[in-house]
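As the structure is a prediction and not an experimental result, all values here were calculated from the model. If you read the sequence from its start, that first residue is 1, and numbering goes on from there.
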Amino acid sequence: AGCVLLELFLEGGAVFDLAKLLRFRRGDPQLEPLLAKLPKSLSRVLRKMTALDPSERPTAAECLQALRGSFFPESFFSFAYSFFGSLRLLDHSQQAERLCASQ
């Protein structure tokens with residue numbers, strides 16, 4: 001997930017080609033120049049999300065908490081998080097109805 005998010009925040013640029021991926025897997029700090037382009041709070045979380053050892057990667061809840069009040073404004077937690085979280089439990093037609101009703 002960390003590499004996918006990094007690509008999104010870098011406007012779709014590929015993080016790795018095969019050679020870079022192999023160097024990264026050997027421990028070469030390939031991501032540091034890319035992470036330096038992002039806000040510090042976001043780069044700290046993405047650095048943890050791209051740890052080579054999966055046991056060192058944070059959970060989604062830990063990532064959200066780490067970015068609360070810095071990258072994600074408080075309104076994300078007071079409205080958007082619960083609203084969109086409830087939508088995922090509905091089928092497609094119910095999602096559309098709920099979205100249209102909220103406008």
Hey, what do you get for [atom1] ([X]) to [atom2] ([Y]), rounding to the nearest 0.5 Å?
{"X": "C3", "Y": "L34", "atom1": "SG", "atom2": "CG", "answer": "9.5 Å"}
{"X": "S43", "Y": "E32", "atom1": "OG", "atom2": "CD", "answer": "8.0 Å"}
{"X": "K20", "Y": "L31", "atom1": "NZ", "atom2": "CG", "answer": "10.0 Å"}
{"X": "L42", "Y": "L35", "atom1": "CG", "atom2": "CG", "answer": "8.5 Å"}
{"X": "L46", "Y": "L6", "atom1": "CG", "atom2": "CG", "answer": "6.0 Å"}

Of the non-hydrogen atoms in R57 and A51, which two are nearest, and what is the gap between them?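 Scanning both residues completely, I find the closest heavy atoms to be NE-O, 2.8 Å.
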
Look at the rings of F24 and F16 and say which category their plane angle falls in: under 30° parallel, 30 to 60° tilted, over 60° perpendicular.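 Rings of F24 and F16: tilted, 30 to 60°.
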
I'd like to know if the side chain of E7 reaches the main chain of V15, judged simply by a donor and an acceptor atom lying under 3.5 Å from each other, with no hydrogens or angles considered.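 Checked: pair present.
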
Would you please test F76 and L64 for side-chain contact (heavy atoms from CB on, under 4.5 Å) and show each step? CA-CA 10 Å; F76 176 81; L64 285 173; 3.9 Å; yes

With a 6.0 Å cut-off (strictly less than), is the heavy-atom count around CZ of R23, excluding the residue itself, greater than 12?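 More than 12 within 6.0 Å, yes.
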
Using the salt bridge (Lys or Arg N to Asp or Glu O under 4.0 Å) criterion, which residues pair with E11? Sequence neighbours excluded.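 With neighbours one apart ignored, the set is empty.
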
Could you check whether K48 pairs with E62 (Lys NZ or Arg NE/NH1/NH2 to Asp/Glu carboxylate O, under 4.0 Å)?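 Looking at E62 together with K48, the answer is no, because their closest N to O distance does not fall below 4.0 Å.
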
Salt bridge check: are R68 and E74 linked by an N-O gap of less than 4.0 Å?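 Judged by the 4.0 Å cut-off on N to carboxylate O distance, R68 and E74 do form a salt bridge.
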
